[in-house]
Amino acid sequence: MLEIRKFHEEKDAVLTGLRKRNFSKEQLSLVDDIIRLDLTRKSQQTELDQLLAQRNSKSKEIGQLFQSGKAAEANAMKQEVQTIKDQVDQLEKGYADTQYQLQELMVQLPNLPHESVPAGSSEEDNEVYQDWADELPDLGPEALPHWELADKYGLIDFQLGAKITGAGFPLFRAKGSQLKRALINFFLAEANAAGYEEMSVPHVVNADSAYGTGSLPDKEGQMYHIEKDELYLIPTAEVPVTNVYRDVIMSATDFPVKMTAYTPCFRREAGSYGAHVKGLNRVHQFDKVEIVQIQHPEKSHDTLMEMLRHVEGLLQKLKLPYRILRLCGGDLTFASALTFDFEVWSAAQKRWLEVSSVSNFETFQSHRLKCRYRDEEGKTQLAHTLNGSALALERIVACLLENHQTADGIVIPQALVNYTGWERID
RNA sequence: GGAGAGUUGGCCGAGCGGCUUAAGGCGCACGCUUGGAAAGCGUGUAUACUCCAAAAGGGUAUCAAGGGUUCGAAUCCCUUACUCUCCGCCA
């Protein structure tokens, strides 16, 4: 959530940011509505506080009167306080109402894009930040898509997954399952080597945590909701991991905080269909190793670039053709200020598949999380939060199978052989 | 799932309707002291919102969370969450 302070002090920056998000003129009027409501809120608070102060001091006097035996005076004063209380009740209602309205508007507003975010309305307008330098591999017409390879080598059973649960819950078996486990270990080992603390976290979170990272209310429909216990299946490890720092005030020397976790991720993704969701392209449960950092505002941009290079290193070691996109204002996720997507070339499908998204949320999440640090003057300031997939497993499996297929089997890249224990699938 | 006991500031811990602007201790910071340190002494030490042009200084709220009783609630009542102990079940 944006800080209300910005609306008063940097209104132009707010408007500029929202325009980059393609806000219409009517939508932009929200900004003035918010400023107006907040001014109302302030005056209501001042009035309310004054009344409460009166009530407190008079109540104290009543106590003293009783103690000195002046019951008659005390009882008279009770009447006075009673009338103050009635006013307080009235004002409190108005104040709560203003707060509620303000909150309703504030949660509708996405993060302001970083200045480097290109203008644009859809994924067509994303900027290719770093293209695949070499020629894209051409495997010829015999190249099989991953779902056929998975079937041919007995790696993934989509029918069994559908039988046990439903569509979008593939069952990995034999070397398919081992390959996935190897990738998890490989990604975690690389993250550990880069200084990220490994964590095993709950895969189910409460509403406070979901709200803290912005999954609620913005993505309510995307999460599996366990109503009986009022809990949510995590859509990404970002939610439990970032919430480690909810309601925490750190010292500036604690930066950077680096955490990593492997988790399954659950997404309802209602309304998808067609070839784009075939095989592993889009599933309801997938695996991911996530990297998260909490950083000083002045250093967060450099940190984002460092995370970018980390993800890039993984793809290079897996020998997969990739490109990096800088998302435009229209494609940026709600909470993000700046996002780079990694796409890997799916050699048989002949299309790019998104395998990672690396984002700087600046203070948008930390404001909700109340994740703060103390600056040189001892004042509390909001920290910056960042995260990235490093990496999403299922699409990597798809691309590994397709890109490294040969006539007599699938060749495992050397970096991964240390983790699989075998060199090929045949 | 059943029964009981708890949850107070960074931490420990007192308080069980007004004498609390939350005692006392520990920790931390600064100062005095010292050749330097320790000890000792002194001062300070939460968060959010808000008033004030700003600083200084006020105000309000917060004793797990939310509601209630009362002129007044950390303290009494209700609901919820969490922690611990015992029983049951269990990888």
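Quick caveat: nothing in here was measured; it's all calculated off a predicted structure. Only heavy atoms go into these numbers, but all of them, side chains included; no hydrogens, no water, no symmetry mates. Below, chain A is the first sequence line, B the second, and so on; all start at residue 1.
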May I ask you to say whether A:Glu394 pairs ionically with A:Lys180, meaning some side-chain N is under 4.0 Å from a carboxylate O?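 Yes, A:Glu394 and A:Lys180 are salt-bridged.
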Any Lys/Arg nitrogen of A:Lys58 or A:Glu61 sitting under 4.0 Å from an Asp/Glu carboxylate oxygen of the other?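 Answer for the salt bridge query: no.
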Ignoring hydrogens and geometry beyond distance, is a side-chain donor-acceptor pair present between [X] and [Y] at under 3.5 Å?
| X | Y | value |
| --- | --- | --- |
| A:Thr98 | A:Gln101 | no |
| A:Thr260 | A:Glu198 | no |
| A:Gln293 | A:Thr385 | no |
| A:His8 | A:Asp38 | yes |

Find the partner of [N]: check Watson-Crick (N1-N3 plus N6-O4 or O6-N4) and G-U wobble (N1-O2, O6-N3) distances, both under 3.5 Å, and reply none if neither fits.
| N | result |
| --- | --- |
| B:G4 | B:C84 |
| B:C89 | none |
| B:U34 | none |
| B:C26 | B:G10 |
| B:U60 | B:A48 |
| B:G17 | none |
| B:A74 | none |
| B:U79 | B:A65 |

May I have the distance from [X] (atom [atom1]) to [N] (atom [atom2]), rounded to whole angstrom?
| X | N | atom1 | atom2 | answer |
| --- | --- | --- | --- | --- |
| A:Asp247 | B:G9 | CG | P | 14 Å |
| A:Glu377 | B:A29 | CD | C1' | 17 Å |
| A:Gln87 | B:U60 | CD | P | 16 Å |
| A:Gln44 | B:A61 | CD | C1' | 16 Å |
| A:Leu91 | B:A61 | CG | P | 14 Å |
| A:Lys228 | B:G1 | NZ | C1' | 13 Å |

Geometric cation-pi criterion, A:Arg368 with A:Tyr211: 6.0 Å, 45°: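 The answer is yes, since A:Arg368 meets both limits relative to A:Tyr211.
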I'd like the [atom1] distance from [M] over to [N], given in whole Å.
| N | M | atom1 | value |
| --- | --- | --- | --- |
| B:C77 | B:U83 | P | 24 Å |
| B:C41 | B:G24 | P | 14 Å |
| B:C12 | B:U7 | C1' | 14 Å |
| B:A22 | B:G44 | P | 14 Å |
| B:C11 | B:G2 | C1' | 35 Å |
| B:U60 | B:G1 | P | 44 Å |

Can you label the angle between the A:Tyr224 ring and the A:His284 ring as parallel, tilted or perpendicular, going by 30° and 60°?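 Geometry flag for A:His284 against A:Tyr224: perpendicular rings.
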Applying the ring-ring contact (aromatic ring centres under 6.0 Å, His included) criterion to A:His310, which one of A:Tyr196, A:Phe187, A:Phe342 satisfies it?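 Among A:Tyr196, A:Phe187, A:Phe342, the one meeting ring-ring contact (aromatic ring centres under 6.0 Å, His included) with A:His310 is A:Tyr196.
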What does nucleotides 42-58 of chain B look like as a protein-contact string, B for base, S for sugar-phosphate only, - for none, at under 4.0 angstrom between heavy atoms? -----SSBSS-------
Could you list all N or O pairs between the protein and nucleotides 68-74 of chain B that sit under 3.5 Å apart?
unit_1 : atom_1 : unit_2  : atom_2 : d
B:C71  : O2'    : A:Ser59 : OG     : 2.9
B:G72  : OP1    : A:Lys85 : NZ     : 3.3
B:G72  : OP2    : A:Lys85 : NZ     : 3.4
B:G72  : O4'    : A:Ser59 : OG     : 3.3

Taking the six-membered ring for Trp and the single ring otherwise, decide whether the centroids of A:Phe255 and A:Tyr373 are under 6.0 Å apart.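 Here the rings of A:Tyr373 and A:Phe255 have centres that are less than 6.0 Å from each other.
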